[in-house]
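Just so you know, these numbers use all the heavy atoms, side chains as well, and skip hydrogens, waters and symmetry mates. Lettering of chains follows the sequences in order, A, B, ..., and the numbering in each one begins at 1.
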There are 2 protein chains.
Amino acid sequence: MIALDAFDISILSILQTDNTTPQRDIGERIGLSAPAVQRRIKRLRETGVIRADISVLDPEKLGRPITIFTEVKMEVEKVEIVRQAKEIFSGTPQVQQCYYVTGDVDFILILVVYSMKEYEELTQQLFFGNNNVKNFKTSIVLDIVKAGLNIPVNKQ
Amino acid sequence: MIALDAFDISILSILQTDNTTPQRDIGERIGLSAPAVQRRIKRLRETGVIRADISVLDPEKLGRPITIFTEVKMEVEKVEIVRQAKEIFSGTPQVQQCYYVTGDVDFILILVVYSMKEYEELTQQLFFGNNNVKNFKTSIVLDIVKAGLNIPVNKQ
DNA sequence: GGCATATTTGCAATTTTGTTTCGTCAAAAA
DNA sequence: TTTTTGACGAAACAAAATTGCAAATATGCC
(Lines give C-alpha, C1' and ligand atoms only; values in the text may rest on other atoms or scores of the structure.)
Protein backbone atom coordinates (compact mmCIF):
# COMPACT_ATOMS: atom_id res chain seq x y z
CA MET A 1 0.00 0.00 0.00
CA ILE A 2 1.15 3.51 -0.78
CA ALA A 3 2.18 5.57 2.22
CA LEU A 4 0.33 8.86 2.42
CA ASP A 5 1.40 11.58 4.79
CA ALA A 6 -0.61 14.54 6.04
CA PHE A 7 0.38 16.63 3.00
CA ASP A 8 -0.94 14.00 0.60
CA ILE A 9 -4.19 13.73 2.50
CA SER A 10 -4.65 17.50 2.39
CA ILE A 11 -3.92 17.59 -1.32
CA LEU A 12 -6.38 14.79 -2.02
CA SER A 13 -8.99 16.48 0.07
CA ILE A 14 -8.67 19.65 -1.99
CA LEU A 15 -8.53 17.92 -5.37
CA GLN A 16 -11.57 15.75 -4.81
CA THR A 17 -13.51 18.96 -4.22
CA ASP A 18 -11.94 21.04 -7.00
CA ASN A 19 -9.13 19.81 -9.17
CA THR A 20 -8.81 23.15 -10.95
CA THR A 21 -7.28 24.64 -7.81
CA PRO A 22 -3.87 26.02 -8.82
CA GLN A 23 -0.96 24.11 -7.32
CA ARG A 24 0.39 27.38 -5.99
CA ASP A 25 -2.81 27.91 -3.99
CA ILE A 26 -2.73 24.36 -2.71
CA GLY A 27 0.86 24.85 -1.63
CA GLU A 28 0.01 28.06 0.12
CA ARG A 29 -2.87 26.44 1.96
CA ILE A 30 -0.94 23.44 3.21
CA GLY A 31 2.47 25.05 3.58
CA LEU A 32 4.41 23.64 0.64
CA SER A 33 5.87 25.05 -2.57
CA ALA A 34 4.14 24.65 -5.91
CA PRO A 35 6.71 22.21 -7.31
CA ALA A 36 6.45 20.04 -4.20
CA VAL A 37 2.70 19.92 -4.65
CA GLN A 38 3.10 19.16 -8.32
CA ARG A 39 5.45 16.24 -7.65
CA ARG A 40 3.10 14.80 -5.06
CA ILE A 41 0.11 15.06 -7.38
CA LYS A 42 2.10 13.39 -10.11
CA ARG A 43 2.99 10.54 -7.78
CA LEU A 44 -0.60 10.23 -6.59
CA ARG A 45 -1.73 9.90 -10.20
CA GLU A 46 0.97 7.42 -11.11
CA THR A 47 0.24 5.20 -8.13
CA GLY A 48 -3.48 5.29 -8.89
CA VAL A 49 -4.56 6.97 -5.68
CA ILE A 50 -6.03 9.55 -8.01
CA ARG A 51 -7.92 7.41 -10.44
CA ALA A 52 -9.29 10.09 -12.74
CA ASP A 53 -9.88 13.79 -13.22
CA ILE A 54 -13.28 14.68 -14.51
CA SER A 55 -15.90 17.34 -14.99
CA VAL A 56 -19.22 16.60 -13.34
CA LEU A 57 -22.19 17.50 -15.51
CA ASP A 58 -25.63 18.55 -14.39
CA PRO A 59 -28.22 16.06 -15.69
CA GLU A 60 -30.97 18.68 -15.44
CA LYS A 61 -29.16 20.78 -18.04
CA LEU A 62 -28.71 17.93 -20.50
CA GLY A 63 -32.18 17.05 -21.65
CA ARG A 64 -33.34 15.88 -18.25
CA PRO A 65 -32.21 12.30 -18.32
CA ILE A 66 -33.83 9.92 -15.88
CA THR A 67 -31.82 8.25 -13.14
CA ILE A 68 -32.96 4.77 -12.17
CA PHE A 69 -31.92 2.28 -9.51
CA THR A 70 -32.16 -1.34 -10.46
CA GLU A 71 -31.61 -4.14 -8.00
CA VAL A 72 -30.71 -7.34 -9.76
CA LYS A 73 -30.89 -10.87 -8.41
CA MET A 74 -29.10 -13.65 -10.26
CA GLU A 75 -30.41 -17.21 -10.69
CA VAL A 76 -27.30 -18.83 -9.30
CA GLU A 77 -24.27 -17.15 -7.88
CA LYS A 78 -21.52 -18.90 -9.76
CA VAL A 79 -18.20 -17.15 -10.16
CA GLU A 80 -18.24 -17.27 -13.92
CA ILE A 81 -21.79 -15.98 -14.19
CA VAL A 82 -21.09 -13.12 -11.84
CA ARG A 83 -17.92 -12.21 -13.71
CA GLN A 84 -19.80 -12.18 -16.98
CA ALA A 85 -22.57 -10.03 -15.55
CA LYS A 86 -20.02 -7.51 -14.26
CA GLU A 87 -18.51 -7.32 -17.69
CA ILE A 88 -21.83 -6.69 -19.41
CA PHE A 89 -22.95 -4.06 -16.91
CA SER A 90 -19.58 -2.30 -17.05
CA GLY A 91 -19.67 -2.12 -20.78
CA THR A 92 -23.07 -0.50 -20.98
CA PRO A 93 -22.85 3.31 -21.24
CA GLN A 94 -26.22 3.82 -19.58
CA VAL A 95 -24.96 1.97 -16.52
CA GLN A 96 -23.43 4.85 -14.61
CA GLN A 97 -22.59 2.82 -11.54
CA CYS A 98 -22.62 -0.88 -10.72
CA TYR A 99 -22.12 -2.48 -7.31
CA TYR A 100 -21.91 -6.13 -6.38
CA VAL A 101 -23.45 -6.41 -2.93
CA THR A 102 -24.44 -8.70 -0.07
CA GLY A 103 -28.04 -9.11 1.00
CA ASP A 104 -31.29 -9.83 -0.80
CA VAL A 105 -29.95 -8.86 -4.19
CA ASP A 106 -26.68 -9.35 -6.02
CA PHE A 107 -26.23 -6.15 -8.00
CA ILE A 108 -27.34 -2.58 -7.54
CA LEU A 109 -27.16 -0.50 -10.71
CA ILE A 110 -27.59 3.18 -11.29
CA LEU A 111 -28.82 3.78 -14.82
CA VAL A 112 -29.09 7.04 -16.71
CA VAL A 113 -31.51 7.09 -19.64
CA TYR A 114 -33.30 9.74 -21.63
CA SER A 115 -36.69 8.06 -21.72
CA MET A 116 -38.63 5.18 -20.26
CA LYS A 117 -38.56 3.66 -23.70
CA GLU A 118 -34.79 3.59 -23.54
CA TYR A 119 -35.03 1.98 -20.11
CA GLU A 120 -37.47 -0.60 -21.36
CA GLU A 121 -35.08 -1.50 -24.16
CA LEU A 122 -32.25 -1.71 -21.66
CA THR A 123 -34.20 -4.13 -19.47
CA GLN A 124 -34.79 -6.30 -22.51
CA GLN A 125 -31.12 -6.28 -23.30
CA LEU A 126 -29.64 -6.59 -19.82
CA PHE A 127 -32.20 -8.53 -17.80
CA PHE A 128 -34.88 -10.32 -19.79
CA GLY A 129 -32.28 -11.20 -22.37
CA ASN A 130 -30.04 -12.80 -19.76
CA ASN A 131 -31.11 -16.20 -18.44
CA ASN A 132 -28.89 -15.84 -15.42
CA VAL A 133 -30.92 -12.90 -14.16
CA LYS A 134 -33.64 -14.16 -11.84
CA ASN A 135 -35.44 -10.89 -11.29
CA PHE A 136 -34.93 -7.16 -10.87
CA LYS A 137 -36.59 -4.28 -9.08
CA THR A 138 -36.78 -0.72 -10.35
CA SER A 139 -36.80 2.52 -8.39
CA ILE A 140 -37.08 5.83 -10.20
CA VAL A 141 -35.05 8.67 -8.77
CA LEU A 142 -37.22 11.68 -8.01
CA ASP A 143 -34.45 13.85 -6.64
CA ILE A 144 -30.69 13.56 -6.71
CA VAL A 145 -30.23 14.94 -3.23
CA LYS A 146 -26.49 14.46 -3.19
CA ALA A 147 -24.19 12.98 -5.79
CA GLY A 148 -20.45 12.69 -5.87
CA LEU A 149 -17.59 10.30 -5.40
CA ASN A 150 -16.06 11.88 -2.33
CA ILE A 151 -14.27 9.66 0.09
CA PRO A 152 -13.80 11.00 3.59
CA VAL A 153 -10.05 11.38 4.02
CA ASN A 154 -9.52 13.85 6.82
CA LYS A 155 -10.94 12.09 9.81
CA GLN A 156 -10.83 8.33 9.86
CA MET B 1 -32.77 25.64 -21.01
CA ILE B 2 -29.29 26.21 -22.39
CA ALA B 3 -28.86 25.39 -26.04
CA LEU B 4 -25.99 23.01 -26.68
CA ASP B 5 -24.65 22.36 -30.14
CA ALA B 6 -22.55 19.46 -31.36
CA PHE B 7 -19.33 21.23 -30.32
CA ASP B 8 -20.55 21.64 -26.77
CA ILE B 9 -21.57 18.01 -26.59
CA SER B 10 -18.15 16.91 -27.81
CA ILE B 11 -16.41 19.14 -25.29
CA LEU B 12 -18.56 17.82 -22.46
CA SER B 13 -17.94 14.28 -23.56
CA ILE B 14 -14.19 14.83 -23.39
CA LEU B 15 -14.22 16.72 -20.11
CA GLN B 16 -16.35 14.23 -18.23
CA THR B 17 -13.73 11.63 -19.13
CA ASP B 18 -10.64 13.76 -18.54
CA ASN B 19 -10.81 17.40 -17.60
CA THR B 20 -7.04 17.82 -17.70
CA THR B 21 -7.15 17.63 -21.48
CA PRO B 22 -5.56 20.84 -22.82
CA GLN B 23 -7.97 23.12 -24.62
CA ARG B 24 -5.69 23.11 -27.65
CA ASP B 25 -6.00 19.32 -27.87
CA ILE B 26 -9.75 19.51 -27.52
CA GLY B 27 -9.88 22.11 -30.25
CA GLU B 28 -7.78 19.97 -32.54
CA ARG B 29 -9.96 16.94 -31.93
CA ILE B 30 -13.26 18.66 -32.60
CA GLY B 31 -12.10 21.17 -35.19
CA LEU B 32 -12.14 24.44 -33.29
CA SER B 33 -9.50 26.89 -32.11
CA ALA B 34 -8.30 26.92 -28.51
CA PRO B 35 -9.95 30.26 -27.71
CA ALA B 36 -13.26 29.02 -29.04
CA VAL B 37 -13.00 25.98 -26.81
CA GLN B 38 -12.05 28.15 -23.85
CA ARG B 39 -15.05 30.44 -24.37
CA ARG B 40 -17.39 27.48 -24.60
CA ILE B 41 -16.02 25.82 -21.47
CA LYS B 42 -16.32 29.10 -19.62
CA ARG B 43 -19.93 29.39 -20.67
CA LEU B 44 -20.66 25.78 -19.74
CA ARG B 45 -19.28 26.39 -16.27
CA GLU B 46 -21.13 29.66 -15.82
CA THR B 47 -24.44 28.18 -16.85
CA GLY B 48 -23.92 25.22 -14.54
CA VAL B 49 -23.88 22.56 -17.23
CA ILE B 50 -20.49 21.73 -15.79
CA ARG B 51 -21.28 21.53 -12.13
CA ALA B 52 -17.84 20.69 -10.76
CA ASP B 53 -14.33 19.58 -11.61
CA ILE B 54 -12.92 16.91 -9.38
CA SER B 55 -10.32 14.23 -8.90
CA VAL B 56 -11.69 10.75 -8.36
CA LEU B 57 -9.86 8.81 -5.67
CA ASP B 58 -9.42 5.07 -5.40
CA PRO B 59 -10.97 3.83 -2.14
CA GLU B 60 -8.74 0.74 -2.16
CA LYS B 61 -5.71 2.97 -1.86
CA LEU B 62 -7.06 4.97 1.06
CA GLY B 63 -7.27 2.55 3.94
CA ARG B 64 -9.90 0.37 2.33
CA PRO B 65 -13.04 2.16 3.37
CA ILE B 66 -16.28 0.25 3.22
CA THR B 67 -19.06 1.24 0.83
CA ILE B 68 -22.59 0.59 2.05
CA PHE B 69 -26.02 0.93 0.52
CA THR B 70 -28.80 1.88 2.88
CA GLU B 71 -32.42 1.96 1.84
CA VAL B 72 -34.44 4.17 4.15
CA LYS B 73 -38.19 4.22 4.63
CA MET B 74 -39.79 7.16 6.39
CA GLU B 75 -42.73 6.92 8.82
CA VAL B 76 -44.81 9.45 6.96
CA GLU B 77 -44.02 11.18 3.74
CA LYS B 78 -44.72 14.77 4.69
CA VAL B 79 -42.98 17.49 2.71
CA GLU B 80 -41.34 19.04 5.72
CA ILE B 81 -40.07 15.71 7.04
CA VAL B 82 -38.63 14.75 3.68
CA ARG B 83 -36.98 18.15 3.31
CA GLN B 84 -35.41 17.83 6.72
CA ALA B 85 -34.16 14.33 6.00
CA LYS B 86 -32.54 15.50 2.77
CA GLU B 87 -30.76 18.22 4.67
CA ILE B 88 -29.40 15.85 7.30
CA PHE B 89 -28.23 13.27 4.76
CA SER B 90 -26.63 15.94 2.58
CA GLY B 91 -24.72 17.38 5.47
CA THR B 92 -23.20 14.07 6.54
CA PRO B 93 -19.71 13.58 5.06
CA GLN B 94 -20.00 9.79 5.10
CA VAL B 95 -23.08 10.05 2.89
CA GLN B 96 -21.43 10.00 -0.51
CA GLN B 97 -24.67 9.91 -2.46
CA CYS B 98 -28.31 10.33 -1.56
CA TYR B 99 -31.32 9.72 -3.78
CA TYR B 100 -34.98 10.30 -3.12
CA VAL B 101 -36.84 7.55 -4.97
CA THR B 102 -40.17 6.00 -5.80
CA GLY B 103 -41.04 2.46 -4.76
CA ASP B 104 -40.82 0.48 -1.55
CA VAL B 105 -38.37 2.85 0.07
CA ASP B 106 -37.97 6.60 0.17
CA PHE B 107 -34.22 7.15 0.18
CA ILE B 108 -31.28 5.21 -1.14
CA LEU B 109 -27.97 6.23 0.40
CA ILE B 110 -24.43 5.30 -0.47
CA LEU B 111 -22.24 5.55 2.61
CA VAL B 112 -18.48 5.38 2.86
CA VAL B 113 -17.05 4.44 6.25
CA TYR B 114 -13.77 3.11 7.54
CA SER B 115 -15.19 0.51 9.90
CA MET B 116 -18.42 -1.18 10.85
CA LYS B 117 -18.17 0.63 14.13
CA GLU B 118 -18.31 3.91 12.28
CA TYR B 119 -21.33 2.61 10.38
CA GLU B 120 -23.00 1.52 13.58
CA GLU B 121 -22.52 5.00 15.02
CA LEU B 122 -23.90 6.51 11.82
CA THR B 123 -27.04 4.38 12.03
CA GLN B 124 -27.54 5.59 15.59
CA GLN B 125 -27.18 9.16 14.49
CA LEU B 126 -29.08 9.09 11.21
CA PHE B 127 -31.73 6.41 11.62
CA PHE B 128 -32.37 5.24 15.17
CA GLY B 129 -31.98 8.82 16.36
CA ASN B 130 -34.62 10.04 13.92
CA ASN B 131 -38.22 9.27 14.79
CA ASN B 132 -39.31 9.92 11.25
CA VAL B 133 -37.30 6.98 9.99
CA LYS B 134 -39.49 3.89 9.97
CA ASN B 135 -36.83 1.36 8.99
CA PHE B 136 -33.74 0.85 6.90
CA LYS B 137 -32.01 -1.98 5.10
CA THR B 138 -28.26 -2.37 4.70
CA SER B 139 -26.32 -3.91 1.83
CA ILE B 140 -22.54 -4.10 2.01
CA VAL B 141 -20.70 -3.50 -1.25
CA LEU B 142 -18.38 -6.39 -2.07
CA ASP B 143 -17.12 -4.96 -5.34
CA ILE B 144 -17.36 -1.54 -6.91
CA VAL B 145 -17.76 -2.87 -10.41
CA LYS B 146 -18.22 0.54 -11.98
CA ALA B 147 -18.33 3.96 -10.42
CA GLY B 148 -18.55 7.36 -11.99
CA LEU B 149 -20.89 10.22 -12.73
CA ASN B 150 -20.91 9.96 -16.49
CA ILE B 151 -24.01 11.02 -18.29
CA PRO B 152 -24.43 9.68 -21.81
CA VAL B 153 -24.31 12.71 -24.05
CA ASN B 154 -23.37 11.47 -27.49
CA LYS B 155 -26.34 9.39 -28.44
CA GLN B 156 -29.69 10.41 -27.04
C1' DG C 1 25.94 9.49 18.19
C1' DG C 2 28.00 10.13 13.56
C1' DC C 3 28.33 9.31 8.75
C1' DA C 4 26.69 8.11 4.07
C1' DT C 5 22.66 7.74 1.28
C1' DA C 6 17.88 8.54 -0.05
C1' DT C 7 14.20 11.78 -0.41
C1' DT C 8 12.12 15.87 -0.49
C1' DT C 9 12.21 20.54 -0.68
C1' DG C 10 12.49 25.53 -2.58
C1' DC C 11 14.09 28.69 -6.03
C1' DA C 12 14.72 30.11 -10.65
C1' DA C 13 14.27 29.22 -15.48
C1' DT C 14 11.62 27.12 -19.00
C1' DT C 15 7.73 25.34 -21.14
C1' DT C 16 3.05 24.69 -21.55
C1' DT C 17 -1.54 26.11 -21.04
C1' DG C 18 -5.20 29.40 -20.40
C1' DT C 19 -6.98 34.01 -21.43
C1' DT C 20 -7.53 38.41 -23.70
C1' DT C 21 -7.41 41.45 -27.63
C1' DC C 22 -8.54 42.54 -32.05
C1' DG C 23 -9.93 42.25 -36.75
C1' DT C 24 -12.96 39.35 -39.87
C1' DC C 25 -17.03 37.18 -41.27
C1' DA C 26 -21.80 35.54 -41.47
C1' DA C 27 -26.48 35.78 -40.09
C1' DA C 28 -30.31 38.30 -38.21
C1' DA C 29 -32.48 42.77 -37.49
C1' DA C 30 -33.37 47.44 -38.77
C1' DT D 1 -28.87 48.08 -48.08
C1' DT D 2 -27.04 49.09 -43.62
C1' DT D 3 -26.49 47.96 -38.88
C1' DT D 4 -26.08 44.96 -35.22
C1' DT D 5 -24.98 40.78 -33.04
C1' DG D 6 -22.46 36.78 -32.19
C1' DA D 7 -18.80 33.62 -33.03
C1' DC D 8 -14.56 32.75 -35.02
C1' DG D 9 -9.23 32.50 -35.54
C1' DA D 10 -4.45 34.56 -35.15
C1' DA D 11 -1.49 36.68 -32.30
C1' DA D 12 -0.17 38.64 -27.97
C1' DC D 13 -0.30 38.11 -23.24
C1' DA D 14 -0.85 36.19 -18.55
C1' DA D 15 -0.92 32.45 -15.62
C1' DA D 16 0.12 27.98 -14.43
C1' DA D 17 2.68 23.75 -14.69
C1' DT D 18 7.06 21.56 -15.13
C1' DT D 19 12.11 20.93 -14.93
C1' DG D 20 17.03 21.47 -13.34
C1' DC D 21 19.72 22.15 -9.57
C1' DA D 22 21.45 23.01 -5.00
C1' DA D 23 20.18 22.87 -0.13
C1' DA D 24 17.77 20.76 3.54
C1' DT D 25 15.67 16.91 5.72
C1' DA D 26 15.01 12.30 6.77
C1' DT D 27 16.65 7.23 6.81
C1' DG D 28 19.58 3.40 7.48
C1' DC D 29 23.85 1.56 9.06
C1' DC D 30 27.99 1.21 11.65
Which one, [options], comes nearest to the side chain of [X]?
| X | options | result |
| --- | --- | --- |
| A:Arg40 | C:dT8, D:dC8, C:dG18 | C:dT8 |
| A:Gln38 | D:dT18, C:dT17, C:dG10 | D:dT18 |
| B:Leu32 | C:dG18, D:dG9, C:dG10 | D:dG9 |
| B:Gln23 | D:dC8, C:dT9, C:dT19 | C:dT19 |
| B:Lys42 | C:dT20, D:dG9, D:dT19 | C:dT20 |

Going by heavy atoms in the side chains, are [X] and [Y] under 4.5 Å from each other?
| X | Y | answer |
| --- | --- | --- |
| A:Tyr119 | A:Ile140 | no |
| B:Val49 | B:Leu12 | yes |
| A:Leu44 | A:Leu4 | yes |

Could you check how far [atom1] of [X] sits from [atom2] of [N], rounded to whole Å?
| X | N | atom1 | atom2 | value |
| --- | --- | --- | --- | --- |
| B:Arg45 | C:dT19 | CZ | C1' | 13 Å |
| A:Ile11 | C:dT9 | CD1 | P | 8 Å |
| B:Asp25 | D:dA17 | CG | P | 16 Å |
| B:Ile30 | D:dG9 | CD1 | C1' | 14 Å |
| A:Phe7 | C:dT7 | CZ | P | 19 Å |
| B:Leu15 | C:dT17 | CG | P | 15 Å |
| B:Arg24 | D:dA15 | CZ | P | 16 Å |
| A:Ile26 | C:dT9 | CD1 | P | 14 Å |

**Study point:** Where the chi angle of C:dA6 falls, syn if within 90° of 0 and anti if not
**Key:**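 Syn for C:dA6; the angle stays within 90° of 0.
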
Review point. Is there a donor N/O on one and an acceptor N/O on the other, under 3.5 Å, for the side chain of B:Arg39 and the base of D:dG6?
Key: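 Looking at the base of D:dG6, it does not pair with any donor or acceptor on the side chain of B:Arg39 (distance under 3.5 Å).
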
Check your understanding: Taking five pairs at each end, how big is the angle between the two axes of the helix from C:dT7-D:dA24 to C:dA30-D:dT1, to 10°?
Key -> 30°

Exercise for review: Measure from NZ or CZ of B:Lys86 to the centre of the six-membered ring of B:Tyr100 and say whether it is under 6.0 Å with the direction within 45° of the ring axis.
Suggested key: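 Yes, B:Lys86 and B:Tyr100 form such a contact.
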
**Study point:** A:Arg43 vs A:Pro35, nearer the 5' end of DNA chain C by closest nucleotide
**Key:**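 First, find each residue's nearest nucleotide; the 5'-ward one identifies A:Arg43.
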
Practice item. Would you check if the side chain of A:Tyr99 reaches a backbone N or O of A:Ile110 as a donor-acceptor pair within less than 3.5 Å? Key: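 No: the side chain of A:Tyr99 does not pair with the backbone of A:Ile110.
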
Review point. Should the pair A:Asp106-A:Lys134 be classified as a salt bridge under the 4.0 Å nitrogen-to-oxygen rule?
Key: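 Judged by the 4.0 Å cut-off on N to carboxylate O distance, A:Asp106 and A:Lys134 do not form a salt bridge.
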
Review point. Could A:Glu87 and A:Arg83 be called an ion pair, given the rule that one side-chain N must be under 4.0 Å from one carboxylate O?
Key: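 Looking at A:Arg83 together with A:Glu87, the answer is yes, because their closest N to O distance falls below 4.0 Å.
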
